[in-house]
Amino acid sequence: MSLFNLFIPQIIQFPDTKYNKNIKLICGAGEPTLVADDLIESGYLLTHIWKKGLKNLLPKDFLPQKILILGLGGGSNTNLVSHLYPNSSITAIEIDSQMVDIAQKYFRVTKNKNLKIVTADAEKFVNDLPAGRQVYDLILVDCFIGKYIPESLQTMAFIRKLSQISRYTLINRIWYNEHHLETVFFLKELSKHFFYLKTQTRTNIVVSLI
C-alpha cells in the first residue's frame, strides 16, 4: 500500500447490479471497507460485530465442523470464521456474483482453503435442505439486498428452518436509524416462537437462537 492511500483512501466504484446499488470499496490503512447503498457490507466494522457475536453467544469450547454463511458480502465474516475454526468446512451463499468477485479480488477469501462459495439465493438454498435434520453446526445470517434484509428471510418459517438444520444460528441485525424499529419488531416476533440470546455493538445486534 502506498503512503498516498494510507492518508487519502482510494475509492473504487463498481457498476450497480440487480441486488446492490452504489457499490464502492474504500481502500486505506488496514482492511478495505465495502459499502453498498450506504451500508457497510464488509471491513473492520463487520469483523468486529461478528467477533463479538461469536465470542459472547457460543460456548467457549465450541468447535464447529460444518459452517454455513448466508451473505458473503466482501467476505469479512468468512475470513473471521476460517481463522477461528481452521479445521471447519465453510459454505458461503451469496446471491450477487459481483460481491463474490470483490470478495475474491480484494478480501482474499480464496486463501481460505476450507471455504466453498455458492452463488445462489439464500432462501432457496436453505429451503432445499432436508427438514428436521441438523446439517450444520453453525449458521451465520448476514443477508442484505442493498441496505435492507429481504422480508422472506425474516419470516418465522424461515427462522424455524434454520433452527432445525443447525445446532447454533446467529443473526446479524442493524440497530440504528430506520433499521431500529424493524429490528425491534423482529425481536418481538422472534420472542413469541424462540428463546434467544443477544449481544450488541453501537450499531448492530447479533441474535443467537437457543
(request) Working to the nearest 0.5 Å, report the span between CD1 of I12 and CD1 of I26. (result) 10.5 Å

(request) Please report the shortest heavy-atom distance between S76 and F107, naming the atom on each side. (result) OG-CE2, 4.0 Å

(message) Tell me whether R173 forms a cation-pi arrangement with F186, defined as NZ or CZ under 6.0 Å from the six-membered ring centre and within 45 degrees of its axis.
(response) yes

(request) Report yes or no: do M156 and F195 belong to one cluster of Ile/Leu/Val/Met/Phe/Trp/Tyr joined by side chain heavy-atom distances under 4.5 Å? (result) no

(request) Of all the heavy-atom pairs spanning Q134 and Y136, show the shortest one and how long it is. (result) CG-O, 3.2 Å

(message) If you compare all heavy atoms of R108 against all heavy atoms of N79, which two are closest, and at what distance to 0.1 Å?
(response) O-OD1, 4.3 Å

(message) Run the side-chain contact (heavy atoms from CB on, under 4.5 Å) test against T169 and tell me which residues pass, sequence neighbours left out.
(response) I139, V141, L162, S166, I171, L209

(request) Evaluate side-chain contact (heavy atoms from CB on, under 4.5 Å) for L197 paired with N56, printing each intermediate quantity in order. (result) CA-CA 9 Å; L197 300 173; N56 292 352; over 6 Å; no

(request) Indicate yes or no: at least one non-hydrogen side-chain atom of Q13 is less than 4.5 angstrom from one of L25. (result) no

(message) Same cluster or not: L68 versus L57, using hydrophobic residues (I, L, V, M, F, W, Y) connected whenever any side-chain heavy atoms lie under 4.5 Å apart?
(response) no

(request) Drop me the distance from I205's CD1 to Y196's OH, to the nearest 0.5 angstrom. (result) 8.0 Å

(request) Report the residues that fulfil salt bridge (Lys or Arg N to Asp or Glu O under 4.0 Å) with K192, sequence neighbours left out, ordered by chain and then residue number. (result) E189

Contacts table for residues 59-67: side-chain donor-acceptor under 3.5 angstrom, sequence neighbours left out:
from, atom 1, to, atom 2, distance (Å)
K60, NZ, K55, O, 3.0
Q65, NE2, L63, O, 3.4

(request) Decide if atom NZ of K111 counts as having more than 12 heavy atoms of other residues, nucleotides or ligands within a radius under 6.0 Å. (result) yes

(message) Are the side chains of N77 and T47 in contact, using a 4.5 Å heavy-atom criterion?
(response) no

(request) Would you mind reporting whether L181 and T183 have side-chain heavy atoms less than 4.5 Å apart? (result) no

(request) Starting at OG of S163, measure out to CZ of F158 and round the result to the nearest 0.5 Å. (result) 11.0 Å

(request) Would you indicate whether the side-chain heavy atoms of L138 and L54 approach each other to under 4.5 Å? (result) yes

(message) Are the side chains of V206 and I49 in contact, using a 4.5 Å heavy-atom criterion?
(response) yes

(message) Could you tell me if the side chain of I159 sits less than 4.5 Å from the side chain of L153, heavy atoms only?
(response) no

(request) Please identify each residue that fulfils salt bridge (Lys or Arg N to Asp or Glu O under 4.0 Å) with K51, with sequence neighbours left out. (result) none

(message) What I'd like to find out is whether the side chain of L70 reaches to under 4.5 Å of the side chain of V126, using heavy atoms alone.
(response) yes

(message) Please give me the minimum heavy-atom distance between I149 and C143, naming the atom from each residue.
(response) CG1-O, 3.6 Å

(request) Could you tell me which residues satisfy salt bridge (Lys or Arg N to Asp or Glu O under 4.0 Å) with D38, sequence neighbours excluded, listed by chain and number? (result) none

(request) Only counting residues at least two apart or in another chain, list the ones meeting side-chain contact (heavy atoms from CB on, under 4.5 Å) with K105. (result) none

(request) Take I90 and I69 through the side-chain contact (heavy atoms from CB on, under 4.5 Å) test and state the conclusion after the steps. (result) CA-CA 7 Å; I90 305 168; I69 296 178; 3.9 Å; yes

(message) Just verifying a value: how many Å separate E31 CD and Y44 OH, rounded to the nearest 0.5 Å?
(response) 10.5 Å

(message) For a quick test of reading the model, state the closest non-hydrogen atom pair linking P32 to C27 and the distance between them.
(response) CB-SG, 4.2 Å

(message) Using the salt bridge (Lys or Arg N to Asp or Glu O under 4.0 Å) criterion, which residues pair with E151? Sequence neighbours excluded.
(response) none

(request) For the pair I145 and D37, evaluate side-chain contact (heavy atoms from CB on, under 4.5 Å) and give the outcome as yes or no after the intermediate values. (result) CA-CA 9 Å; I145 297 297; D37 283 347; over 6 Å; no

(request) Might you point out which heavy atoms bring G74 and V109 nearest each other, and give the distance in Å? (result) O-CG1, 4.0 Å

Residues 93-104, side-chain donor-acceptor partners within the protein, below 3.5 Å, at least two apart:
from, atom 1, to, atom 2, distance (Å)
E94, OE1, L72, N, 3.0
E94, OE1, G73, N, 3.0
E94, OE2, D96, N, 3.0
D96, OD1, Q98, N, 3.0
D96, OD2, T17, OG1, 2.7
D96, OD2, N20, ND2, 2.8
Q98, NE2, P15, O, 2.8

(message) Nearest 0.5 Å, please: how far is OH in Y168 from OG in S208?
(response) 7.5 Å

(message) Same cluster or not: I117 versus V135, using hydrophobic residues (I, L, V, M, F, W, Y) connected whenever any side-chain heavy atoms lie under 4.5 Å apart?
(response) no

Under 3.5 Å, which donor-acceptor pairs do the side chains of residues 81-88 form with other protein atoms, sequence neighbours left out?
from, atom 1, to, atom 2, distance (Å)
S82, OG, N112, OD1, 3.3
S82, OG, N114, OD1, 2.9
S88, OG, Y85, O, 2.6

(request) For the residue pair L34 and Y106, establish whether any side-chain heavy-atom pair is separated by less than 4.5 Å. (result) no

(request) Name all pairs fulfilling the side-chain hydrogen bond (donor to acceptor under 3.5 Å, both in side chains) condition that reach into residues 120-130, sequence neighbours left out, sorted by first residue then second. (result) E123-S152, K124-D128

(request) Using the rule that two of Ile, Leu, Val, Met, Phe, Trp, Tyr join whenever any of their side-chain heavy atoms come within less than 4.5 Å, decide whether L80 and L140 are in one cluster. (result) yes

(message) For H180, give me all partners under ring-ring contact (aromatic ring centres under 6.0 Å, His included), at least two apart in sequence or on another chain.
(response) W175

(message) Looking at S42 and G75, would you say the former's side chain and the latter's main chain have a donor-acceptor pair under 3.5 Å?
(response) yes

(request) Any chance you could lay out the side-chain contact (heavy atoms from CB on, under 4.5 Å) test for E41 and T33, step after step, and finish with the verdict? (result) CA-CA 8 Å; E41 300 280 348; T33 297; over 6 Å; no

(message) Quick check on K198: does its NZ atom have over 12 non-hydrogen neighbours (other residues, nucleotides or ligands) under 6.0 Å away?
(response) no

(request) Look up atom CD1 in I210 and atom CZ in F194, then write down how far apart they are to the nearest 0.5 Å. (result) 12.0 Å

(message) When you group the ILVMFWY residues by side-chain heavy-atom contacts below 4.5 Å and let the links chain together, are F185 and Y148 in the same group?
(response) no

(message) Which residues pass the ring-ring contact (aromatic ring centres under 6.0 Å, His included) test with Y176, not counting sequence neighbours?
(response) H179

